[in-house]
> 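One structure coming up, written as C-alpha cells, with questions to follow.
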Protein chains: 4
Amino acid sequence: MSNEKGPDHSRRKERSRQAILAATRELVAEEPYEKVTVEAIAARAGVGKQTIYRRWPSKSAVIFAALLALSENADRQNDEQPVTLPDTGDLETDLKLVMRATAEEFADPAFDRLIRALNTEIVNDAALAAEYQEKLARPLDEAKKARLRSAQEAGQLNPDADLDLVLEVLYAPLFQRWLHRSAPLTAAYADSLVESTLRAFAP
Amino acid sequence: MSNEKGPDHSRRKERSRQAILAATRELVAEEPYEKVTVEAIAARAGVGKQTIYRRWPSKSAVIFAALLALSENADRQNDEQPVTLPDTGDLETDLKLVMRATAEEFADPAFDRLIRALNTEIVNDAALAAEYQEKLARPLDEAKKARLRSAQEAGQLNPDADLDLVLEVLYAPLFQRWLHRSAPLTAAYADSLVESTLRAFAP
Amino acid sequence: MSNEKGPDHSRRKERSRQAILAATRELVAEEPYEKVTVEAIAARAGVGKQTIYRRWPSKSAVIFAALLALSENADRQNDEQPVTLPDTGDLETDLKLVMRATAEEFADPAFDRLIRALNTEIVNDAALAAEYQEKLARPLDEAKKARLRSAQEAGQLNPDADLDLVLEVLYAPLFQRWLHRSAPLTAAYADSLVESTLRAFAP
Amino acid sequence: MSNEKGPDHSRRKERSRQAILAATRELVAEEPYEKVTVEAIAARAGVGKQTIYRRWPSKSAVIFAALLALSENADRQNDEQPVTLPDTGDLETDLKLVMRATAEEFADPAFDRLIRALNTEIVNDAALAAEYQEKLARPLDEAKKARLRSAQEAGQLNPDADLDLVLEVLYAPLFQRWLHRSAPLTAAYADSLVESTLRAFAP
DNA sequence: GAATAAGCGAGACGGTACGTCTGGTCTTTAT
DNA sequence: ATAAAGACCAGACGTACCGTCTCGCTTATTC
C-alpha cells in the first residue's frame, strides 16, 4: 500500500531498460557494426526481443537511445549540471584545449565505433537526425556558443559573427576528416582549425 | 582476324557490367535505401545474382562502383578532360559560383540519395573510405586546389596556406550541414562559407 | 478462461506443421517433382522457410513426414485401429482383392507421384530407408503377415513358409513393374502374382 | 599422321565422349550422388560443359549413357557376343549361380552407387525408364528367357509359364530388398528365391 | 491471502535478403 | 570449324535477422 507504486513498478522496467542500453553500448563498442543486431542486444542484455520492441520502434532508435543515455549519464556524474566549456579568458587557448580533446576522443576505438554507429543510422533517417540535433548536438552547441559569446563580449571574436557558422567552420572539418578517414587527427591539426577559425571571425 | 579482341572480349562482360551499375544508380536514386538490395539490383539489371558477386565482393562495393562510374561518365562527356574550376581571376566570385552549385546539387533528391548511400557504406568500411578518397575525392580536390594555387599566385590567398585545410574549412561545413540536416543549404550560406574561408586565409 | 494451456501452446505449432505437410502433399501430387522445392512448400503453406528447417533437416525428411502423416491420418479415420486385411477364409480371393486394389492405387496419378517422390528420396538415403521400413512398410507388412498366418492355420499356406519372403514374392514384382514402368498393372497381372505365389508356397 | 580428316574429326569427338562417360562413371562410383554435377563431370573429363550438353539433353541422360556404355563395354570384352546364361542342363543350379552372383554384385559399393544413380534418374523420368527397358533390361531379360525356354524344353519348367512373370518373381524381390535395404542379400536368400520360383512354375 | 493482471524471458513465427551453388545456354579464345 | 573455358541468367539452397506473436512464469496489485 505504498504510494511508490510508480517507482516499484518501474524498477523492473528500469532494470531491463538499462540492461538493453548497456548491452547496446557494449556491442557497438566491441563488435563490427554488422554484428550489432537486435537479437544480439537482447541476448547480451538477457532480455526478450519484445521487451526491446515494446520501448523502441527500431534498431536505429535503440542505438540512438543508448548513446543518448551515455551522454546523459556523463551529465549526471557532473551533478546534473549542464555542460560548460573552460573559460580562462583566452579563447584561443580554451578552444585548442577543447579541439585537441575532441580529436583524441575520436581516436578511441570504442568512441569511434559509437559515433560511427550513430552516424550510420542518422544518414538515412531524417527523424533520427532531427532527434540527434535536438537532444545531443544542440545542448553541446549551446555550451560552445556560450563560450563564444563570452569571447565576443571580451572582444576576442567578431560581435556580428553567426555563432552557428563559427561552430561549423571549427568542428565540421574535424568531423569530416574523421568520418572519411582522409587524414589523421593530430593536435597540430586541431590547433590549425582553431587558428583559421579565429582569423575568419576576428573582431 | 581482328585486332579488336580486347573490346570483343569485353562486350558481353561490359554489357552486364553496365546494366548492373545503371540498375544500381537507378535504384539508389529512386528507392529508400533499405530497398536497394543485391536481389533488386540483379532483377532490375536482368542479371543473375552471381554475375554481381563475381565482380564485387559486397553490396557496398557495387554501390561505390556505380557512383564511381557515374563520375567517370561525367568526365567522359567532357572529352576525357580533367575537371577544372572556373577561373575568372576573382577567387571569391568563382568559389561562390561553385559553392552555390554544390549546395543546389545536394538539394536534388536523386543526388541526395546517391551521396547518402555512398556515405552509408563509407562510414563503417575503411577500405572503401580509402578508395573513395583516392578515386573520387582526390581528383576533385586537386582541381579545386589548382584554382586555389592560381589564386595564391594572384595574391588573393595566403601563399603559405595549407590548401587541404582551406578546402576542408570551405566544404566540410556544407557537407556536415547536409549530412545531419541541421539547417538548409541556401545560397547565402554558401556565400558565407566562401567569405569566412577567404578571411581565414587572406594573404 | 481455459484449462487447455497445453493444447493452446501446440495449436500454433501444430497449425504450421499441418500446413507444411499438406502443402508438401499437394505439391508432390500436383507438380513434377523438380518443382517440389522447399521454397515452393513454404510459399504454399504460408510459412517461412526457417519454420520448415527448424523441424526437418532436409527436403527428403519433409516429404517423408508428409507421406507418413498421410498414412497416419488414414489410420486415424479408421478409429485408430491397426490396418487389417480382409479375411473371408479363402486366401486366394482375399489376396486378389488386395492386389487388385494395390494395382489400382498405383494407377492414381496423385498416389503415383507421392510414392515416386518417396522412392526418389529413399534410394540414396539409407537412414530414410530405415525409417521407411520401420514406420511405413513394417506395420503394413505385419497386417499382411497376420492374414498369411491365418491362412497357414487354415491349411491354405505352407506352415514353414518364410512370410517375409512370401510378401516379397507377392508384392515386389508389382512394385518393380510400376517403378520401371515395364508393363501395365492390370487386374489379370495382380491375379497372376497371387496365383504363382500360392503355388510357390502351397502347403 | 593421316589425310583422313573425317576419322580424325570423329576421333576427337570420340575421345571427349569417352572422357565424359568415364568421368561420369568414376564420379558416380566414388562420390555421394549429390556431388555428381554436370560441372564436376566436365571438370574431371577436362571438357567444357557445352561439349556435354551438345551431346545429351540433361544430366539424367549423361548418367544413363555412362551406364549404358559400361554394359556395352562389358559386351565388347566378350567379343561382341550377346550375353548368355550358363546352361548345365540343371535349371536350379544355373539360376542359383546367377542369382548369387547378382546378389554379390549389389554388394559392391561402386556397382551399388551406379545402379542407385540409374534408378534415381529413372523413377521420375518415363522416357528414360523406357530407354532403360529397351537398351539395358530387355537384352538381359532375353538372355535369361532363352535359358528358361531351354528349361521348358527340358521339362524343368511349366511350358505355359509367362516367362516375363517368371523373371519378375525371381528378380524383383532381390531388387526391392536391395533398393529399400530391407534385409541383407545373402546367398541363402538368392537360393530361396530360385526355389520358390521353381515351385511356382513347376511343370 | 487468493485472485488477477501486467510484464517479462524465451523463442517460434511469416518474411526478406543474404551469399553460394548448380542447371542449362551462350560467348570468347585458341587451335 | 570445333572445342575448352567459363561467363551468363535463373532460381533453389540453407542461414541470419527483422519485427510480431505466443507461451509460461514471475511479480504486484486488487478485492
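The analysis underlying the following values was restricted to heavy atoms, covering all of them including side chains, and did not include hydrogens, waters or symmetry mates. Per chain, numbering begins at 1; letters A, B, ... match sequence-line order.
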> Return yes if some donor-acceptor pair links the side-chain N/O of C:Lys35 with the main-chain N/O of C:Glu30 below 3.5 Å, else return no.
no
> From CD of B:Glu39 over to C1' of F:dA16, roughly how many Å is that when rounded to an integer?
14 Å
> Starting at the 5' end of DNA chain F, which residue's closest nucleotide do you reach first, C:Ser58 or B:Arg17?
B:Arg17
> Go nucleotide by nucleotide along DNA chain F from the 5' end; which of B:Gly48 and C:Val38 gets its closest nucleotide reached first?
B:Gly48
> What nucleotide, of F:dC9, F:dA4, E:dG19, holds the atom closest to the side chain of D:Val47?
F:dA4
> Once you round it to whole Å, what is the distance between C1' of E:dC26 and CZ of B:Arg15?
10 Å
> Taking 4.0 Å as the cut-off, does a side-chain nitrogen or oxygen of D:Arg54 come that near to OP1 or OP2 on E:dC26?
no
> Tell me whether the side-chain N/O atoms of C:Thr51 come closer than 4.0 Å to OP1 or OP2 in E:dA12.
no
> Given side chains that start at C-beta, do those of C:Thr51 and C:Arg54 come closer than 4.5 Å, heavy atoms only?
yes
> Rounding to an integer number of Å, can you tell me how far A:Glu121 CD sits from F:dC18 P?
11 Å
> For E:dC21, does the base pair up with any side-chain atom of B:Gln50 as donor and acceptor (N or O, under 3.5 Å, distance only)?
yes
> Would you find a donor on one side and an acceptor on the other, under 3.5 Å apart, between the side chain of C:Arg181 and the backbone of D:Val123?
yes
> Can you check the B:Glu34 CD to F:dC18 P distance for me, whole Å?
14 Å
> For E:dT25, does OP1 or OP2 lie under 4.0 Å from any side-chain N or O of D:Tyr53?
no
> Distance check needed: F:dC17 P versus A:Glu31 CD, whole Å only.
11 Å
> Donor-acceptor pair, distance only, cut-off 3.5 Å: does the side chain of D:Arg44 make one with the backbone of D:Ala19?
no
> Are any side-chain N or O atoms of C:Arg25 and backbone N or O atoms of C:Ala66, one a donor and one an acceptor, separated by less than 3.5 Å?
yes
> Give a yes/no answer on whether the side chain of C:Arg55 brings an N or O atom under 4.0 Å of OP1 or OP2 in E:dC13.
yes
> Rounded to whole angstroms, how far apart are CD1 on B:Ile52 and C1' on F:dA10?
13 Å
> If you compare every side-chain N and O of C:Ser16 against the phosphate oxygens of E:dC13 (OP1, OP2), does one of them come in below 4.0 Å?
yes
> Nearest whole angstrom, please: distance from the P of E:dG23 to the NZ of C:Lys35.
18 Å
> Hey, does the side-chain of C:Lys49 have a donor or acceptor N/O within less than 3.5 Å of a partner on the base of E:dG14?
no
> CG of D:Leu27 versus C1' of E:dT22: gap in Å, rounded?
14 Å
